[in-house]
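Just so you know, ligand 1 is whichever comes first in the structure, and atom 1 is the first atom listed for that ligand.
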Amino acid sequence: MNKAAKLREALRGSKPIVVAGAHNALSGKLVERAGYDAIWASGFEISASFALPDANILTATENLAVAKQISDAVGIPVIADCDNGYGNAINVMRTVEEYEKAGIAGICIEDNIFPKRCSFYAGVKRELVLPEEHAGKIRAAKEAQATRDFVVIARTEALIAGWGMEEALKRARMYAEAGADMILIHSKSKKADEILEFARNWTSDVPLVSVPTIYKETSVTDLQKAGFKMVIFANHGLRSAIKAMRETLAVLRKEEKAASVEDRVVSLEEVYELVGVSSLNSNEKKYLPVGAGSVKTIILAAGFEKELMPLVEDKPKGMLDIKGKTILERQIDNLNACNIKDIVVVRGYKKEKINLPNLRFYDSDRVDEGCELASLFRAESEIVGKVILLYGDIIFDKSILEKLLQSEADVSLVVDRAWYDLHGANGTAPVRQGDLVALDPAPAAGYRYLPSEVSARVVRIGEKLPWKEAHGEFIGMAMLSERGARVLRETYRDAGLKGGGKRFHEAESIDKASFTDLVQELVARGEKVAAVDIYKGWMEIDTFDDYKNAWATLRK
Ligand code: SPV
Ligand code: MG
């Protein structure tokens with residue numbers, strides 16, 4: 001149902017139509033949320049919101065833009081205060097056409113001359129147009145409307161201008177005969193007596209509208225009993241906003257601390273909710289291309305490494321300084337350089353020492369070795385959308401991250417192929433066994449690594465993979481697509497349910513498993529795990545020797 005039809009329906013109903021003023025979309029939304037039947041796009045409020053008097057200073061175009069802004073933001077009808085229609089009957093016709101096209105349910109036109117003066121301003125010259133002229137405007141308005149339901153309210157200022165009850169009644173009758181759908185009888189008397197007398201003498205079927213701004217003791221029920229169909233609280237939203245803003249700003253100026261006004265302001269979350277941030281988020285996911293800007297990174301920095309003692313006696317290894325920058329800072333620099341700003345860190349061992357800015361934290365109490373997966377799943381709610389998983393103890397060249405970001409696979413693991421040149425191809429056992437991977441296709445005989453277009457699949461992974469069967473080393477950096485993230489979560493949950501305390505690949509149970517065990521599980525379930533090939537360009541800080549080596553190799 002369109003909004004004019006809604007307003008018509010309310011007019012046919014037995015209840016009074018209770019309306020409140022607004023001056024922009026947000027205030028309109030607040031009126032709607034407070035349960036009013038309709039919104040009054042108030043000339044007084046809109047002018048005031050421009051810090052201007054209500055005296056036809058704003059143009060029709062400016063007022064219309066605000067009324068449309070309000071109507072577009074709400075589901076209830078908007079009745080626009082169109083002052084005197086912005087000119088004579090000819091101007092009124094265009095006013096009607098434009099407001100109706102904009103989705104406004106109805107307008108109100110008063111018999112003030114152009115330019116008007118607000119009904120309440122003291123000491124200003126008050127002149128009304130001849131009643132015949134205003135009746136002509138109402139006729140023109142009704143003929144100009146394109147749809148049946150659009151509502152035209154005729155307003156007389158006869159009581160405001162001091163012309164007396166007879167003149168007010170005479171004018172109102174003329175406007176009703178000209179086709180007005182409602183009559184607004186305005187008064188600046190402190191008591192409702194005037195408008196109540198008017199209502200007693202009103203014999204027409206055309207319903208009456210009241211604006212109890214000055215006769216403020218009169219309730220909707222009183223007005224309904226007197227025969228009024230619509231009551232407009234024209235400017236109370238704006239006036240309360242002025243009071244609240246003035247007081248809050250004064251306290252804040254004095255205290256000079258945001259917390260001093262905390263109890264006077266709504267939370268930011270309430271503002272987000274009012275302006276629809278949640279639909280912004282879901283639409284971004286639906287419609288924006290997935291670029292690095294929408295990739296999240298989860299850094300696993302919970303673990304404790306005894307081989308790094310005493311270096312890590314008072315801090316986690318991610319906070320180890322290497323030439324003026326911690327490992328974590330070096331990782332963050334590279335992530336930021338690739339436009340990745342959403343960084344989640346899973347902390348555990350000495351967690352309070354990881355306190356760098358612009359990170360989001362999840363805390364794990366599983367700091368003993370071999371509980372990496374349990375730590376990662378502390379941040380399970382973050383494993384959504386495109387996600388990079390990063391071990392907190394590696395230092396890497398930015399180009400590795402750039403290459404990974406280009407992968408289109410659902411699950412991508414960065415694999416160092418230099419490992420095979422060093423060990424696999426010439427049969428030299430590695431000094432230390434890392435997370436090794438076997439690939440399909442395996443490197444050809446007489447292997448010398450050359451970057452290839454086609455990425456190989458990881459078929460086996462783990463620390464216990466016999467080195468002679470391995471083709472590369474997983475460096476501790478992986479990327480999941482939106483689907484990959486979902487599959488990873490589901491696989492973890494499902495394996496946990498089915499496996500319980502049983503062995504989980506290289507781990508004694510899923511509870512003690514590493515990320516690589518879950519990758520092996522994905523492979524076992526037929527999931528394609530792609531290897532993103534690199535050739536050196538990274539280092540892991542696992543031992544004191546690694547640390548010394550990093551100092552020797554890295555630039556400041
Ligand atoms: C307005 O809100 O602009 C009105 C109502 O016209 S009043 O200010 O009470 O005249
Ligand atoms: Mg007005």
Side-chain angles (χ1 to χ4, degrees), residues 17-24 27-28 30-31 36 38-60 62-67 70-71 77-87 92 95 99 104 106-122 124 126-129 134 137 151-162 168 172 175 180 182-192 194-195 198 208-218 220 223 228 230-242:
I17 302 172
V18 185
V19 183
H23 56 276
N24 60 20
S27 59
L30 293 173
V31 171
Y36 289 85
I39 297 169
W40 172 247
S42 157
F44 179 93
E45 281 206 15
I46 297 170
S47 309
S49 75
F50 281 72
L52 288 172
D54 181 13
N56 275 141
I57 292 168
L58 290 182
T59 64
E62 286 170 309
N63 282 309
L64 170 60
V66 177
I70 298 172
S71 181
V78 171
I79 301 164
D81 173 6
C82 285
D83 296 337
N84 33 33
Y86 309 112
V92 164
T95 299
Y99 274 79
I104 306 303
I107 62 167
C108 175
I109 314 175
E110 65 206 27
D111 52 9
N112 272 315
I113 57 156
F114 184 98
K116 57 102 35 118
R117 293 289 176 262
C118 165
S119 311
F120 308 136
Y121 293 165
V124 295
R126 242 167 239 302
E127 285 176 72
L128 305 187
V129 295
H134 198 62
K137 288 193 195 182
V151 172
V152 175
I153 303 174
R155 160 169 161 181
T156 180
E157 295 278 292
L159 297 177
I160 300 268
Y175 306 158
M182 302 188 88
I183 296 292
L184 193 162
I185 174 68
H186 208 13
S187 160
K188 59 179 177 189
S189 169
K190 288 204 172 104
K191 290 224 160 91
E194 263 189 352
I195 56 130
F198 180 96
L208 296 178
V209 182
S210 148
V211 183
T213 305
I214 308 294
Y215 47 98
K216 51 185 165 222
E217 298 296 339
T218 315
V220 171
L223 290 161
F228 284 89
M230 183 183 282
V231 179
I232 302 175
F233 294 108
N235 47 43
H236 299 81
L238 175 89
R239 286 160 65 196
S240 69
I242 293 173

Indicate, as side chain, backbone, both or neither, the part of E45 found under 4.0 angstrom from ligand 1 when only non-hydrogen atoms are considered. neither

Which distance, rounded to the nearest 0.5 Å, do you find between the CG of L58 and the CZ of F50? 5.0 Å

Value rounded to 0.5 Å, distance of OH in Y215 from OG in S187: 6.0 Å

For ligand 1, find out whether one of its N or O atoms is nearer than 3.5 Å to an N or O atom of E110. no

Using distance alone, determine whether W40 and ligand 1 share an N or O pair under 3.5 Å. yes

Taking only non-hydrogen atoms of T213 and a 4.0 Å limit, the atoms of ligand 1 in range are 9 (O)

Looking at every non-hydrogen atom in both residues, tell me the closest pair between A60 and Y99 and how far apart they are. O-OH, 3.9 Å

Nearest heavy atom to atom 6 (O) of ligand 1: which of E157, R155, H23 does it belong to? R155

For the 3.5 Å polar cut-off, considering only N or O atoms, please tell me whether H186 and ligand 1 meet it. yes

Which atom pair, heavy atoms only, marks the closest approach of V19 to I39? CG1-C, 3.7 Å

When rounded to the nearest 0.5 Å, the distance separating CD1 of I109 from OG1 of T95 is 7.0 Å

Out of the N/O/S atoms in D81, what is the name of the one closest to the Mg ion (ligand 2)? OD2

Residue-ligand contact S119/ligand 1, heavy atom below 4.0 Å: yes

Could an N or O of ligand 1 be found under 3.5 Å from any N or O of V211, whether backbone or side chain? no

Looking at E110, R155, R126, which hits side chain to side chain donor-acceptor pair (under 3.5 Å) with S119? R155

At less than 4.0 angstrom from any non-hydrogen atom of G43, what atoms of ligand 1 do you find? 1 (C), 3 (O)

Can you tell me which portion of D54 lies within the under-4.0 Å heavy-atom range of ligand 1? Options are side chain, backbone, both, or neither. side chain

Part of K188 within contact of ligand 1 (heavy atoms, under 4.0 Å): neither

Give, for atom CD1 of I79 and atom CD1 of I17, the distance between the pair rounded to the nearest 0.5 Å. 7.0 Å

As an exercise, state the distance from NZ of K191 to OG1 of T218, rounded to the nearest 0.5 Å. 9.5 Å

Is the distance between the ring centroids of F120 and H186 under 6.0 Å? yes

In this structure, OH of Y86 is separated from NZ of K137 (nearest 0.5 Å) by 11.0 Å

Candidate with minimal heavy-atom separation from atom 3 (O) of ligand 1, of I46, D81, N235: D81

If you count the atoms of ligand 1 from 1 in the order shown, which ones are under 4.0 Å from a heavy atom of S42? 1 (C), 2 (O), 3 (O)

Would you say ligand 1 has an N or O under 3.5 Å from any N or O of A234? no

